[in-house]
Each structure stands twice: as C-alpha cells, then as structure tokens.
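Quick note: residue numbers are just sequence positions, from 1.
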Amino acid sequence: MAGWDVVARVGWRQGREWGVMGVTAEELFEFASGLPGVTDDEAFGPGVTVLKVEGKVFAVLRDGEGEGEVWVTLKCEPGLASHLREQYAAVGPGYHMNKRHWNTVVLDSSVPDDEVREMVEHSWERVVAGMGKADRERLRLQRG
C-alpha cells in the first residue's frame, strides 16, 4: 500500500523497525493521512485528531499527550467488528460512536501492527464505499 511505506520509513528513522514495539499514534497518523482524499482536524480539541476522507470521518485518534491511553476509533463492518472485539482485549465498541459500526483500538502493542493497518484501511474503504460512484472510483484509482 502506498501510504504504508511512509509509516515504515518514519519508524525506521526513529531507530526501530516497524512492528517491533507496536504502532504509535504518530505512525498511525502518518499512515492514515497518506491515504487518498484524507484531511485532518482537531474538532474535539487538542490531542484528538479527526481524520476524514472527502469530509467523512473514518478515524478518530487520541494521541495520549498528557494523561490517558492512546487509541483510535475506526469504522468497521458489524460482523468483523464483533470478531475483532472477541479476538483482542484492546478492541472494544467505538467510543462515543455507533457501537455496531465502530471499534476503538487501544494502541498498547497487543494488537499486531499489520492488523491495525488493515483496520485503518478497512475503515477508509467502508467510508469510501458509501460515497457516490464518481468519488468512490476516483479515490480507489488514486489508491492503486
């Protein structure tokens, strides 16, 4: 995936290989913001970044600055959402979101990095799938 190479390089510059210590908020942000059509803002205040594709939310990232956990809330197909919650203790119903369609993932290294990456890509794809045909095709073409 195009954006994933960016994250791998960021991890390498920080003196570690990707996947050795778990994904960080910064790495997740770099990967997610590299997907086509993505913009970000701090609509909920400092330390909570909202990532949108063409203006539609697909991820909410809490960076853990100050006190608290680092987590990301991602859109998810309902059956897969339940499966992921059963598989990983760090995955739970979406914080302040529709619990059926959103999961919150605590970035505590217990969920493998490649699984977190797939969750981000799945969330982006779920949001893109709900767009009009022209936007959907353009974004998917940009992604490759």
| task | Let me know which of V127, V38, V53 forms a side-chain contact (heavy atoms from CB on, under 4.5 Å) with L139. | result | V53
| query | V60 and H96: side chain to side chain contact (heavy atoms under 4.5 Å, CB included), yes or no, with the steps? | reply | CA-CA 10 Å; V60 179; H96 286 296; over 6 Å; no
| task | Check the pair V111, M119 against side chain to side chain contact (heavy atoms under 4.5 Å, CB included), reporting the backbone distance first and the verdict last. | result | CA-CA 11 Å; V111 179; M119 289 180 201; 3.9 Å; yes
| said: With a 3.5 Å distance limit and no angle check, can you tell me whether T73 reaches the backbone of T104 through a side-chain donor-acceptor pair? | reply: no
| field | Within-4.5 Å side-chain heavy-atom neighbours: L28 and V70 | value | no
| said: Tell me whether H122 contacts the main-chain N or O of E77 through its side chain, where contact means a donor paired with an acceptor under 3.5 Å. | reply: yes
| task | Report the C-alpha separation of L35 and V120 in whole Å, then their side-chain angles, then the decisive distance to 0.1 Å, and conclude whether the side chain to side chain contact (heavy atoms under 4.5 Å, CB included) test is met. | result | CA-CA 10 Å; L35 294 169; V120 171; 4.2 Å; yes
| request: Name all residues meeting the salt bridge (Lys or Arg N to Asp or Glu O under 4.0 Å) criterion together with D40; count only those two or more places apart in sequence or in a different chain, and write none if there are none. | output: none
| query | Who passes ring-ring contact (aromatic ring centres under 6.0 Å, His included) against Y95, sequence neighbours left out? | reply | W71
| said: Please enumerate all residues that pass salt bridge (Lys or Arg N to Asp or Glu O under 4.0 Å) together with R140, with sequence neighbours excluded. | reply: E125
Please output the side-chain donor-acceptor pairs of residues 78-92 that fall under 3.5 Å, not counting sequence neighbours, one pair per line with the distance.
residue, atom, partner, partner atom, Å
S82, OG, P78, O, 3.4
H83, NE2, Q87, OE1, 3.1
R85, NE, N103, OD1, 2.5
R85, NH1, K99, O, 3.3
R85, NH2, K99, O, 2.4
R85, NH2, W102, O, 3.0
R85, NH2, N103, OD1, 2.8

| query | If you count the non-hydrogen atoms of other residues, nucleotides and ligands that lie under 6.0 Å from CD in E69, is the total more than 12? | reply | no
| request: Could you list all the salt bridge (charged side-chain N to carboxylate O under 4.0 Å, His left out) pairs where at least one residue sits in residues 42-54, not counting sequence neighbours? | output: D41-K52, E54-R138
| task | Could you check if a side-chain atom of L61 sits within less than 4.5 angstrom of a side-chain atom of L107, using non-hydrogen atoms only? | result | yes
| task | Check the hydrophobic clustering (I, L, V, M, F, W, Y; side-chain heavy atoms under 4.5 Å; chains of links allowed) and say if M131 and W124 are grouped together. | result | yes
| For G22 and D113, which heavy atoms make the closest approach, and how far apart are they? | CA-OD1, 3.3 Å
| task | Taking side chain to side chain donor-acceptor pair (under 3.5 Å) as the test, write out the residues that go with T49, two or more places apart. | result | none
| Linking I/L/V/M/F/W/Y whenever any side-chain heavy atoms sit under 4.5 Å apart, do V23 and V106 land together? | no
| Are F29 and T24 side-chain neighbours, meaning at least one heavy-atom pair lies under 4.5 Å? | no
